[in-house]
Every structure is written in C-alpha cells, then in structure tokens.
Q: 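Please find one structure pasted underneath; my questions will follow.
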Amino acid sequence: MRRPRYQFGSLYQEARKNGPDVWVYRWREADASGKRQLRKQIVGTVRELRSRTDAQQAAEALRLSVNKQTVENHALPASLEMLVEHYRLKEMPMDSHERKTRGTKLVYNSNLNSHILPRWGRYPLRRINSVEVEDWLKSLKLAPSTKAKLRNVMSAIFRHAIRWGWLGQHENPIALVRVSARRKRVPVVLTAMEFQALFSKLPDRERAMGTACATTGMRISEVLGLKWEDIDFRQKTANVQRSFVDGSMGRCKSEISQQAVPVDGVALEELAAWRSVCLYSKADDWVFGSERLFGRMPIWPDSSRRKVLQPAARKAGITKQIGWHTFRHTYSSLLSESANDVKVVQELMRHAKVSTTMDIYTHARMERKRAAQSKAVDVLFSRSGQAEASA
C-alpha cells in the first residue's frame with residue numbers, strides 16, 4: 001500500500017503592529033480548480049509559544065488539518081497531547097472570539113496545562129478509558145466544580161476528535177465518567193448591615209463599582225467593560241456589550257449576557273458622582289479607566305479587590321472573605337427573598353438556564369428559612385389561630 005504524501009510547510013515568526021510577534025505556519029494546497037495556492041495561519045504568539053520547539057509542536061496540529069483529506073486514518077493524533085494542540089488551534093485561537101470568550105479559553109488552557117496534559121498527555125486516544133479517568137478525578141484534592149470542569153474539558157477534546165473523523169461516534173470515553181459538581185461551601189452573601197458598613201469605607205471609584213455590581217447583578221468583568229456611552233441615564237439602562245478578562249477586552253459569556261440591564265436611580269447617582277470626579281468622563285471613555293494606563297484600558301479588578309475592597313471590609317468589621325462576585329451573589333439572593341418570580345430573577349441575572357439561578361446564585365439566609373418554617377408549623381398546630389383567640 002502506498003503511503004500518503006504529507007504536505008509539510010514552513011514555520012516562521014512574523015511581527016505585528018499591535019501586540020506580540022506571532023508564529024506563522026505556511027503551506028501550499030490545491031484549490032477547487034486544482035491550482036496550488038500559498039496558505040498561512042497563525043499558530044500562536046511568542047508569549048504563548050516561547051520557543052521554536054513549542055511552536056513546532058503546535059504546528060503539528062495544523063499539519064493534521066492540512067493533510068486531513070489525503071491522510072485520513074494516518075492522521076489520527078498519536079496522543080491526547082497532539083489532539084489538544086489541534087483543538088486549541090481550531091477551537092481556541094486566542095486572537096479570535098468566534099466560539100469561546102477569552103475567559104473561557106484561559107480556564108480551558110489552565111485545566112489542560114495544570115491537570116489533564118501532565119496526567120494523560122502521552123496516552124494514545126484509545127488507551128484512555130472511563131474508569132481510569134473517573135478514579136483519577138476522585139483522587140484529586142480539588143473542589144467538585146473543578147473536577148466537573150476537568151471532565152467537561154476532556155469530553156470536549158474527544159468530541160473534537162469525533163467531529164474530525166478520527167474517532168467513531170461512540171468513542172468518547174469521558175461520556176461515561178461520573179463526577180458531582182455540588183459545592184462544598186455556600187458562596188458568601190452580605191447582609192444589608194454588612195453591605196452598608198462596607199460601602200461607608202470605600203472610596204468613590206470602588207463604591208461606584210460595587211453599587212453597579214450589587215444593584216444590577218453585572219459581573220465585575222462586564223462592569224469594567226462599560227463605556228460612558230453604554231449607560232443611558234434617561235432610560236435608566238446599561239448596554240452590556242463587552243467583558244474585561246485578564247487584561248483583554250472581549251465579548252460577554254453568552255447572548256443573554258448582552259441584554260440591556262435596568263439600572264436603579266441609586267446606582268445612577270453613584271455613577272454620576274464618580275463621573276464628576278474621574279479623569280476619563282467622555283462618552284467613549286471607559287467608566288473605570290486606569291490612570292496608570294492613561295485611560296486606554298479599565299483598571300485591573302484583582303488589584304482593586306486586594307488593595308481596596310478587602311481592606312475596606314476588614315475596617316468595616318466584616319470577617320467574611322469577599323470579592324467582587326460577592327455582590328452578584330447578594331443581589332441574586334435578595335431578588336429571590338423578595339418573592340420575585342424565578343423567571344424574572346433569571347432574566348435580571350442574565351442566566352441562560354433557570355437551574356443556574358436557583359442552584360448556584362440563590363442562597364436563602366437563616367432568618368428567611370426560619371420564617372418559612374414557622375409559617376408551616378403555624379398551619380400544622382393552628383398556632384396563629386390560638387394566638388388570635390387568646391388576644
């Protein structure tokens with residue numbers, strides 16, 4: 001049998017006007033008329049692929065794609081590591097936002113580099129089985145939600161192989177892996193007194209940021225992605241279009257996340273007060289532009305949380321470990337406790353599924369649980385009737 005001919009290309013660095021240099025893979029292939037055309041594609045940046053060896057390994061994934069039609073079964077990735085590189089190239093290029101947001105890509109890459117590849121990278125695809133993966137996940141000293149994410153990432157990698165025809169329709173061993181995503185700890189929620197005490201200790205900028213998060217349910221990445229022109233002070237809405245994650249601006253997590261958000265008068269007052277004193281107040285300026293970067297990008301949320309938010313919480317006597325996401329959890333719980341329809345809460349939180357709203361973001365406090373319990377006991381023992389009779 002004649003061995004199929006591979007179309008090996010060339011790999012080189014190319015400078016860009018904005019951002020770091022990139023590694024580029026170039027090859028020739030026949031077009032629809034049979035004429036050979038020069039093609040090229042970015043493999044990754046020099047920051048992501050620090051050596052030529054790293055770039056060559058990533059280019060192997062592209063060679064699989066180039067030779068897919070002629071190589072067929074011979075192009076089966078030799079290991080999970082090679083399949084992952086192909087998945088990164090096709091599904092997660094960092095300079096594209098077509099399929100996944102930058103935040104999602106960062107989480108995927110972190111899980112791949114820290115856990116999956118060190119354990120399974122050298123394994124042939126058909127050598128990986130459900131029981132071994134399930135036992136491995138059980139052995140990890142990680143939160144259940146993190147284990148579930150690892151399982152989901154591995155499953156996505158195998159579905160990628162199936163989609164490209166390297167594995168059969170039912171050859172995803174991760175589909176049978178069982179893992180629970182149940183939280184070990186209930187997320188932190190602030191009481192009204194804690195919230196007010198904290199806000200009395202915050203400076204103007206962080207108070208405006210916290211108010212936006214706590215009264216709209218926006219994620220901190222979405223708040224930092226706002227420009228002044230996105231806020232309609234007359235209509236009392238905010239147009240959420242962008243998300244600022246890990247120093248990069250991208251699209252929001254989902255289409256429902258991009259819906260207009262109602263903004264209460266209290267939040268508008270805080271934002272207007274911040275606009276009157278901030279350095280960057282033009283329509284196309286970031287609402288929370290970084291002074292260090294001369295307003296070209298928003299501030300870094302982790303730095304603000306560590307240097308401003310958490311010290312302010314300690315000054316206010318709050319011992320809970322809080323972050324910017326605490327305000328979103330608090331908002332969701334308050335919406336639920338106010339006897340709002342769950343569909344309304346879902347839309348205000350901009351969740352794609354109702355289950356996300358109920359299972360993750362809504363946490364009834366002990367006072368509410370006790371009040372609900374008392375109402376049930378009152379009915380069982382006619383307690384309210386006895387109280388009225390004695391009165």
Q: Which heavy atom in Trp228 sits nearest to a heavy atom in Lys282, and how many Å separate them?
A: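 It is CD1-O, 3.3 Å.
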Q: Out of curiosity, Trp274 CH2 to Asp204 CG, how far, rounded to the nearest 0.5 Å?
A: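 Rounded to the nearest 0.5 Å, the CH2-CG separation comes to 7.0 Å.
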Q: Nearest heavy-atom pair of Gly44 and Glu48: which atoms, and what distance?
A: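 What the structure gives for the nearest pair is CA-OE1, 3.6 Å.
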Q: Taking NZ, NE, NH1 and NH2 as the nitrogens, is one of them in Glu222 or Arg328 under 4.0 Å from a carboxylate oxygen of the other?
A: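 No, no charged N to carboxylate O under 4.0 Å.
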Q: Please lay out, stage by stage, how Ser155 and Asn172 fare under the test side chain to side chain donor-acceptor pair (under 3.5 Å).
A: CA-CA 7 Å; Ser155 185; Asn172 183 354; 3.2 Å; yes
Q: Distance from Leu125 atom CG to Met82 atom CE, nearest 0.5 Å?
A: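 Here the rounded value is 10.0 Å.
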Q: Which value, rounded to the nearest 0.5 Å, describes the distance between Leu202 atom CG and Leu198 atom CG?
A: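 One gets 4.5 Å once the value is rounded to the nearest 0.5 Å.
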Q: Is it the case that more than 12 heavy atoms not belonging to Lys307 sit under 6.0 Å from its NZ atom?
A: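 Not more than 12 within 6.0 Å, no.
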Q: For the atom pair CG (Asp232) and CG (Asn239), what is the distance rounded to the nearest 0.5 Å?
A: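 The CG atom of Asp232 sits 9.5 Å away from the CG atom of Asn239.
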Q: Count I, L, V, M, F, W, Y as connected when their side-chain heavy atoms are under 4.5 Å apart, and connections chain through other members. Are Trp324 and Phe195 then in the same cluster?
A: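 They do share one cluster, since a chain of ILVMFWY contacts under 4.5 Å joins Trp324 to Phe195.
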Q: Do the charged groups of Arg122 and Glu81 touch, with an N to O distance under 4.0 Å?
A: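 Salt bridge: no.
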Q: Under 4.0 Å between a side-chain nitrogen and a carboxylate oxygen: does that hold for Arg163 and Glu91?
A: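 Answer for the salt bridge query: yes.
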Q: Does Leu279 form a side chain to side chain contact (heavy atoms under 4.5 Å, CB included) with Phe294? I'd like the steps, not just the answer.
A: CA-CA 9 Å; Leu279 295 178; Phe294 305 102; over 6 Å; no
Q: So if I apply the side-chain contact (heavy atoms from CB on, under 4.5 Å) rule between Ile116 and each of Val84, Leu80, Val133, which one comes out positive?
A: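 It is Leu80; the other options fail the test.
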Q: Is there a donor-acceptor contact under 3.5 Å from the side chain of Ser200 to the main chain of Ala197?
A: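 The answer is yes, because a donor-acceptor pair under 3.5 Å joins these two groups.
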Q: Which heavy atom in Gly295 sits nearest to a heavy atom in Trp286, and how many Å separate them?
A: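 Heavy atoms only, the tightest pair is O-CD1, 3.2 Å.
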Q: Run the numbers on Phe158 and Glu171 for side chain to side chain contact (heavy atoms under 4.5 Å, CB included), then give the verdict.
A: CA-CA 8 Å; Phe158 275 92; Glu171 287 190 277; over 6 Å; no
Q: Keeping the roles fixed (side chain from Ser114, backbone from Ser110), state whether a donor-acceptor pair exists under 3.5 Å.
A: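 Present.
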Q: In terms of hydrophobic clustering (I, L, V, M, F, W, Y; side-chain heavy atoms under 4.5 Å; direct or indirect links), are Tyr280 and Phe244 co-clustered?
A: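 Result: no, two separate clusters.
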Q: Is there a side chain to side chain contact (heavy atoms under 4.5 Å, CB included) between Leu83 and Ile157? Walk through the geometry before answering.
A: CA-CA 7 Å; Leu83 175 60; Ile157 299 297; 3.5 Å; yes
Q: Kindly work out whether a path of hydrophobic side-chain contacts (I/L/V/M/F/W/Y, heavy atoms less than 4.5 Å apart) joins Leu176 to Val153.
A: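 No, it is not one cluster - the side chains of Leu176 and Val153 are not joined through contacts under 4.5 Å.
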Q: Has Arg207 got a side-chain atom pairing as donor or acceptor with Glu270's backbone, closer than 3.5 angstrom?
A: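 It does not hold such a pair.
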Q: Please determine whether the number of non-hydrogen atoms from other residues, nucleotides or ligands lying under 6.0 Å from atom CD of Gln13 exceeds 12.
A: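 More than 12 heavy atoms, drawn from other residues, nucleotides or ligands, come within 6.0 Å of this atom.
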Q: First locate atom OG of Ser145, then atom CG of Asn152, and finally report the distance between them rounded to the nearest 0.5 Å.
A: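 If we round to the nearest 0.5 Å, Ser145:OG and Asn152:CG are 11.0 Å apart.
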Q: To check you understand the geometry: which heavy-atom pair defines the closest contact between Ser304 and Met209, and what is its length?
A: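 Nearest pair, atom of Ser304 first, then Met209: OG-CE, 4.3 Å.
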Q: Look at Glu14 together with Lys40 and state whether they make a salt bridge at an N to O cut-off of under 4.0 Å.
A: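 Counted as a salt bridge, because a side-chain N and a carboxylate O are separated by less than 4.0 Å.
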Q: Begin with the C-alpha distance, continue with both residues' side-chain angles, and end with the deciding distance and a verdict on side chain to side chain contact (heavy atoms under 4.5 Å, CB included) for Asp230 and Arg242.
A: CA-CA 10 Å; Asp230 298 326; Arg242 297 165 294 272; 2.2 Å; yes
Q: Ring pair (Phe, Tyr, Trp, His ring centres under 6.0 Å) for Trp166 and His86? Distances and angles first, verdict last.
A: CA-CA 12 Å; Trp166 292 317; His86 189 268; 4.8 Å; yes
Q: Are Ile299 and Val277 connected in a single hydrophobic cluster, I mean Ile/Leu/Val/Met/Phe/Trp/Tyr linked by side-chain heavy atoms less than 4.5 Å apart?
A: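 Yes, because Val277 and Ile299 connect within a single hydrophobic cluster, where side-chain heavy atoms sit under 4.5 Å apart.
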Q: Any salt bridge linking Arg47 with Asp21? Criterion: basic side-chain nitrogen under 4.0 Å from a carboxylate oxygen.
A: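 No, this pair does not count.
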Q: Hey, any chance Val266 and Val223 share a hydrophobic cluster, counting ILVMFWY side chains that come within less than 4.5 Å of each other, even indirectly?
A: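 Per the 4.5 Å side-chain linkage, Val266 and Val223 are not co-clustered.
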Q: With Trp23 as reference, evaluate Val46, Thr45, Asp54 under the side-chain contact (heavy atoms from CB on, under 4.5 Å) test and give the passing residue.
A: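 It is Val46, the one option of Val46, Thr45, Asp54 that forms the side-chain contact (heavy atoms from CB on, under 4.5 Å) with Trp23.
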Q: Examine distances only and state if a side-chain atom of Ser332 and a backbone atom of His329 form a donor-acceptor pair shorter than 3.5 Å.
A: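 No: the side chain of Ser332 does not pair with the backbone of His329.
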Q: Looking only at heavy atoms, what is the nearest atom pair of Leu190 and Thr330, with distance?
A: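 Closest pair (atom of Leu190, atom of Thr330, distance): N-OG1, 3.0 Å.
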Q: Any chance you could measure Leu142, atom CG, to Leu150, atom CG, to the nearest 0.5 Å?
A: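 So the CG of Leu142 and the CG of Leu150 are separated by 6.5 Å.
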Q: Taking all atoms of both residues into account, what is the closest heavy-atom pair of Gly323 and Arg305, and its distance?
A: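 Looking at all heavy atoms of both residues, the shortest contact is CA-CD, 3.9 Å.
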